[in-house]
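Below you'll find the structure, written out as structure tokens, and then a few comments.
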Amino acid sequence: MESSESQRNKCAACYRQFNRLEHLVDHMRTSYHSVHEPTCGICKKHCRSFESLREHLIGPLPKVECARIFSVRGCNLCLDILGSPNALRVHRGTCQLSRGNTGALLSRMANLGIQDDLNSRTRGSKVVALGCKMVGGGTDGSLDLCARVCLIDEYENIIFHTYVKPQIPVTNYRYETTGTRPEFLRDAMPVKQVQRKIQDFLCNGEPIWKIRSRGGKARILVGHGLDHDLDCLQMEYPTLMIRDTAKYPPLMKTSKLSNSLKYLTQAYLGYDIQTGIQDPYEDCVATMRLYMRMRSQSHKIEDYPLASDPQNRNNFASGRQSELERMTPDEMLEISRSDYYCWCLDTKESS
């Protein structure tokens with residue numbers, strides 16, 4: 001049994017033990033623990049990412065009791081703990097997703113070249129996913145040039161697909177991974193036209209400088225490594241409307257580096273992508289599914305969920321040190337807020 005003094009100096013979120021209470025306060029000031037962190041369904045320990053939670057449950061040195069229960073009732077994809085082995089079997093039927101038959105789609109798209117539904121039934125889509133495939137430019141073919149782009153809605157319907165004609169000559173078509181041939185780009189849509197079409201669709205009638213997260217008409221943009229894709233499309237879009245699976249803290253490595261989309265899809269959705277010739281539609285589907293899975297998490301509702309909200313900026317102010325040291329670890333956790341925007345909040349804002 002831990003002494004009452006050691007319990008008092010123990011973080012209520014990550015269970016880290018401190019020698020002095022002021023050190024615990026300093027830890028809470030910089031850790032940004034919150035209800036939005038991935039949490040062990042057994043011991044309730046908060047982890048910074050799902051990778052960290054996975055290590056806690058099934059890593060080289062797991063928490064023994066948690067690992068024992070997880071081996072019987074834990075889902076290796078979403079890391080949830082189910083009520084019984086039978087409930088786990090039923091759950092896996094919905095949690096394990098499949099790649100689907102993209103072969104026919106690839107063949108049809110290669111012949112189709114352009115699919116443009118930006119002005120039709122998809123106008124009501126609030127969330128869309130973007131995927132691009134690059135060919136090479138420059139003397140050594142290492143400069144990424146967007147040669148193919150795809151946009152889908154949250155139901156995985158194709159909104160827009162086209163080959164893209166780069167502004168400078170292509171010196172490496174990277175056929176082994178892109179499947180792109182010179183004739184596909186000869187009469188393709190110029191990159192400036194593609195950029196204009198996609199940006200107009202995303203902004204949805206709002207001036208880009210006016211876009212705000214609440215109550216606007218602009219669409220949420222989902223993708224993986226969107227900084228690079230948007231740069232190759234010579235396009236800008238407000239950060240507050242971007243949901244990037246390469247930058248979302250719960251989906252990053254414990255080292256705070258990005259995971260590949262291929263890894264995230266295999267680890268959290270349960271199937272493989274990017275084998276052989278790669279398709280931007282497949283990437284769009286994977287990022288949209290990851291986004292929807294993260295968005296569907298049920299977290300406690302808070303009026304002001306972010307540490308950056310003005311109402312929370314003095315929660316751990318140095319001027320409150322004495323007051324904070326009189327709080328219990330649970331009370332400190334209660335006022336601690338996240339330093340990142342949890343995607344579950346998109347559900348709240350759309351309701």
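Numbers for residues simply follow the sequence, beginning at 1.
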Minimum heavy-atom distance [X]-[Y], with the two atoms named:
X	Y	answer
T287	A129	OG1-CB, 3.8 Å
L324	A317	CD1-O, 4.1 Å
P190	V164	C-CG1, 4.5 Å
C150	C284	O-SG, 3.4 Å
C146	V149	SG-CB, 4.4 Å
K63	C43	NZ-CB, 4.4 Å

What distance do [X] atom [atom1] and [Y] atom [atom2] have between them, rounded to the nearest 0.5 Å?
X	Y	atom1	atom2	result
D80	L82	CG	CG	7.0 Å
M189	R196	CE	CZ	10.0 Å
Q96	C78	CD	SG	11.0 Å
E282	K262	CD	NZ	9.0 Å
L79	F50	CG	CZ	7.0 Å
R73	S71	CZ	OG	10.0 Å

Cluster check [X], [Y]: I/L/V/M/F/W/Y, side chain < 4.5 angstrom:
X	Y	answer
M235	I208	yes
I81	V72	no
Y268	M252	no
M292	I273	yes
L88	I69	no

Output yes when [X] and [Y] qualify as a salt bridge under the 4.0 Å nitrogen-oxygen rule, no when they do not.
X	Y	answer
R295	E154	yes
E331	R326	no
R20	D26	no
D346	R243	yes
K165	D187	no
D227	K247	yes

Quick check against the 3.5 Å criterion: does [X] have a side-chain atom that pairs as donor or acceptor with the backbone of [Y]?
X	Y	result
T39	E37	yes
N9	N19	yes
S258	A246	yes
N259	Y263	no
E206	K217	yes
D244	L226	yes
T162	V194	no

How about [X] and [Y]: do any of their side-chain heavy atoms sit closer than 4.5 Å?
X	Y	answer
C232	L145	no
M294	L251	yes
D144	R174	yes
S98	Y271	no

Working for side-chain hydrogen bond (donor to acceptor under 3.5 Å, both in side chains), residues Q199 and E236: CA-CA 8 Å; Q199 190 157 53; E236 294 182 357; over 6 Å; no
May I have the step-by-step check of side-chain contact (heavy atoms from CB on, under 4.5 Å) for S336 and N315, ending in yes or no? CA-CA 7 Å; S336 185; N315 285 6; over 6 Å; no
Of I242, L202, D283, L233, which is the lone residue that meets side-chain contact (heavy atoms from CB on, under 4.5 Å) with L130?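 Single side-chain contact (heavy atoms from CB on, under 4.5 Å) partner of L130 among I242, L202, D283, L233: L233.
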For H224, which of D229, L261, T265, L290 qualifies under side-chain contact (heavy atoms from CB on, under 4.5 Å)?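 So, applying the side-chain contact (heavy atoms from CB on, under 4.5 Å) to H224 and each of D229, L261, T265, L290, only L261 qualifies.
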Kindly determine whether E325 and M332 satisfy side-chain contact (heavy atoms from CB on, under 4.5 Å), including the steps that lead there. CA-CA 9 Å; E325 289 180 17; M332 279 190 271; over 6 Å; no
Examine [X] relative to [Y] and say whether NZ or CZ is less than 6.0 Å from the centre of the six-membered ring and inside a 45° cone about the ring axis.
X	Y	value
R219	F201	yes
K10	Y15	yes
R148	Y281	no

CD1 of I301: more than 12 outside heavy atoms within 6.0 angstrom?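 Incorrect, the count does not exceed 12.
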Students often mix this up, so state it plainly: with edges at 30° and 60°, are the rings of H46 and H33 parallel, tilted or perpendicular?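 Perpendicular, since the angle between the ring planes exceeds 60°.
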Please work out whether the ring planes of Y248 and Y340 are parallel, tilted or perpendicular, with thresholds of 30° and 60°.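 Taking Y340 first and then Y248, their aromatic rings stand perpendicular (interplane angle over 60°).
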Report yes or no: do N86 and S84 form a side-chain donor-acceptor pair below 3.5 Å?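 No, because no side-chain N or O of N86 sits under 3.5 Å from a partner of the opposite role on S84.
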Taking atom types as modelled, find out whether R337 and Y32 have a side-chain donor-acceptor pair closer than 3.5 angstrom.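 Checked: R337/Y32 side chains show no N/O donor-acceptor pair below 3.5 Å.
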Are I152 and F160 close enough, and set up right, to give a side-chain contact (heavy atoms from CB on, under 4.5 Å), and what steps lead you there? CA-CA 7 Å; I152 69 168; F160 181 68; over 6 Å; no
With a 6.0 Å cut-off on the ring centroids, do F18 and H27 count as close?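 Judged by ring-centre distance (under 6.0 Å), F18 and H27 do meet the cut-off.
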Would you sort out whether L24 and M28 count as a side-chain contact (heavy atoms from CB on, under 4.5 Å), showing the intermediate values? CA-CA 6 Å; L24 172 59; M28 294 301 296; 4.2 Å; yes
